[in-house]
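One structure below.
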Amino acid sequence: MGTLKELFVVTHTESIHHVENKVGGWYDTDLTLRGERDAQATAERLAEVLGEREVEIHSSDLRRASQTAQAIARRLSLDVIETTALREISYGAAGGQPQEWLDARYVPAPDNDRLDHHCGIDGAETRRDVATRIFPCVEAIVSRPCAAQIIVTHGFTLSMVIAAWMKIPIEACCFVSFPAKSGSITHLRQDDFFRSRAVIGLADASHLTR
């Protein structure tokens, strides 16, 4: 049984907003020195796993993801295809604010209407907003002929990438969550016999030294 498609979804490594305890989202910050080291370690792990296979890299255009992707690209001697569609969920007016600012204003989603809940923050995206841009992006990536692909994205967005890969309907994504550390690798595979879409490894961070 051969492999039809493999995706390796990477969450960007440590960024400046992490150590400054600021809200990320679309707030655009660089990697820290530790983030740069972890990006190199992530690149090495992917090089080991992929070997000589043909591969392409897709990434969020926010700097922390783009810089992680570029570290991988340098190791694999590849280019990066960047897109706004793979960005983290936007926290609107909270982006770049101290985390305490968001914590004091954030309204948790209820058990109903979770897809369209704005969390009480001006300009924030909903789950539906994120899914609506992620799902067609993932479908477009998967439909490309390259059999092995890397997607570099963000913590919240990872859950929607996996949901899109599994073909979970957007309306069923109210509670979807796959927690992951920065610099993690999630391995997704579709075989060419059953055409099943499997999660082979979820949020693996064993290649990172802490």
Side-chain angles (χ1 to χ4, degrees), residues 1-13 39 41-61 65-66 68-89 127-128 130-208:
M1 189 187 305
T3 297
L4 177 65
K5 178 72 69 172
E6 286 192 294
L7 263 61
F8 298 86
V9 189
V10 176
T11 49
H12 70 79
T13 53
T42 303
E44 288 298 327
R45 173 59 61 84
L46 289 168
E48 292 172 6
V49 172
L50 290 163
E52 299 300 319
R53 278 183 287 174
E54 180 185 1
V55 63
E56 60 185 22
I57 306 174
H58 300 261
S59 175
S60 159
D61 68 332
S66 177
T68 302
Q70 288 296 338
I72 298 167
R74 286 192 296 272
R75 177 62 180 84
L76 301 179
S77 299
L78 296 171
D79 295 322
V80 178
I81 303 169
E82 294 187 4
T83 175
T84 59
L86 290 171
R87 285 186 173 192
E88 180 62 293
I89 186 172
R127 280 176 168 262
R128 188 188 301 277
V130 180
T132 299
R133 60 178 165 85
I134 289 293
F135 275 53
C137 177
V138 170
E139 184 60 31
I141 291 172
V142 171
S143 67
R144 292 169 64 91
C146 189
Q149 296 164 308
I150 297 167
I151 294 177
V152 183
T153 189
H154 306 259
F156 180 86
T157 312
L158 170 67
S159 294
M160 293 301 173
V161 171
I162 296 173
W165 165 258
M166 301 298 293
K167 291 187 176 291
I168 298 172
I170 289 177
E171 294 297 330
C173 290
C174 300
F175 289 91
V176 168
S177 179
F178 297 95
K181 294 180 179 179
S182 299
S184 70
I185 301 173
T186 293
H187 184 187
L188 309 174
R189 176 186 294 158
Q190 181 179 41
D191 69 71
D192 67 356
F193 186 81
F194 294 108
R195 297 181 61 77
S196 300
R197 292 192 171 188
V199 179
I200 303 300
L202 178 62
D204 177 27
S206 60
H207 54 285
L208 304 178

To the closest 0.5 Å, what do you measure between [atom1] ([X]) and [atom2] ([Y])?
{"X": "Gln149", "Y": "Ile81", "atom1": "CD", "atom2": "CD1", "value": "8.5 Å"}
{"X": "Arg53", "Y": "Leu76", "atom1": "CZ", "atom2": "CG", "value": "11.0 Å"}
{"X": "Lys5", "Y": "Asp191", "atom1": "NZ", "atom2": "CG", "value": "14.0 Å"}
{"X": "Ile151", "Y": "Ile141", "atom1": "CD1", "atom2": "CD1", "value": "4.0 Å"}
{"X": "Ile162", "Y": "Ser177", "atom1": "CD1", "atom2": "OG", "value": "9.5 Å"}
{"X": "Ile150", "Y": "Thr42", "atom1": "CD1", "atom2": "OG1", "value": "10.5 Å"}

Test side-chain contact (heavy atoms from CB on, under 4.5 Å) applied to Glu56 and Asp79, step by step:
CA-CA 8 Å; Glu56 60 185 22; Asp79 295 322; over 6 Å; no

Side chains of [X] and [Y]: does their closest heavy-atom pair fall under 4.5 Å?
{"X": "Phe156", "Y": "Leu158", "result": "no"}
{"X": "Leu78", "Y": "Glu54", "result": "no"}
{"X": "Ile89", "Y": "Thr157", "result": "no"}
{"X": "Arg87", "Y": "Asp61", "result": "yes"}
{"X": "Val9", "Y": "Leu188", "result": "yes"}
{"X": "Leu46", "Y": "Val10", "result": "yes"}
{"X": "Leu50", "Y": "Phe8", "result": "yes"}
{"X": "Leu202", "Y": "Phe178", "result": "yes"}

For the backbone of [Y] and the side chain of [X], can you confirm whether one donor and one acceptor N or O come within less than 3.5 Å of each other?
{"X": "Arg197", "Y": "Trp165", "answer": "yes"}
{"X": "Thr132", "Y": "Arg128", "answer": "yes"}
{"X": "Gln190", "Y": "Arg195", "answer": "yes"}

All side chain to side chain donor-acceptor pair (under 3.5 Å) counterparts of Ser206, not counting sequence neighbours
Arg45, Asp204

Side chain to side chain donor-acceptor pair (under 3.5 Å) partners of Thr153, counting only residues at least two apart:
none

For the pair Glu139 and Lys167, find out whether any cationic side-chain nitrogen is under 4.0 Å from an anionic carboxylate oxygen.
yes

Which atom of [X] lies closest to which atom of [Y], heavy atoms considered:
{"X": "Cys173", "Y": "Phe135", "answer": "SG-CZ, 3.8 Å"}
{"X": "Arg133", "Y": "Glu88", "answer": "NH2-O, 2.8 Å"}
{"X": "His12", "Y": "Ala65", "answer": "CB-CA, 3.7 Å"}
{"X": "Ile134", "Y": "Ala85", "answer": "CD1-O, 3.0 Å"}
{"X": "Val152", "Y": "Ala69", "answer": "CG2-CB, 3.8 Å"}
{"X": "Gly183", "Y": "Thr13", "answer": "CA-CG2, 3.6 Å"}

Can you check side chain to side chain donor-acceptor pair (under 3.5 Å) on His207 and Glu44, steps first, answer last?
CA-CA 9 Å; His207 54 285; Glu44 288 298 327; over 6 Å; no

One pair to check against side chain to side chain donor-acceptor pair (under 3.5 Å): His154 and Thr11. What are the steps and the verdict?
CA-CA 5 Å; His154 306 259; Thr11 49; over 6 Å; no

Please determine whether side chain to side chain donor-acceptor pair (under 3.5 Å) holds for the pair Ser66 and Glu82, giving the CA-CA distance in whole Å, both sets of side-chain angles, and the decisive distance to 0.1 Å.
CA-CA 7 Å; Ser66 177; Glu82 294 187 4; 2.5 Å; yes

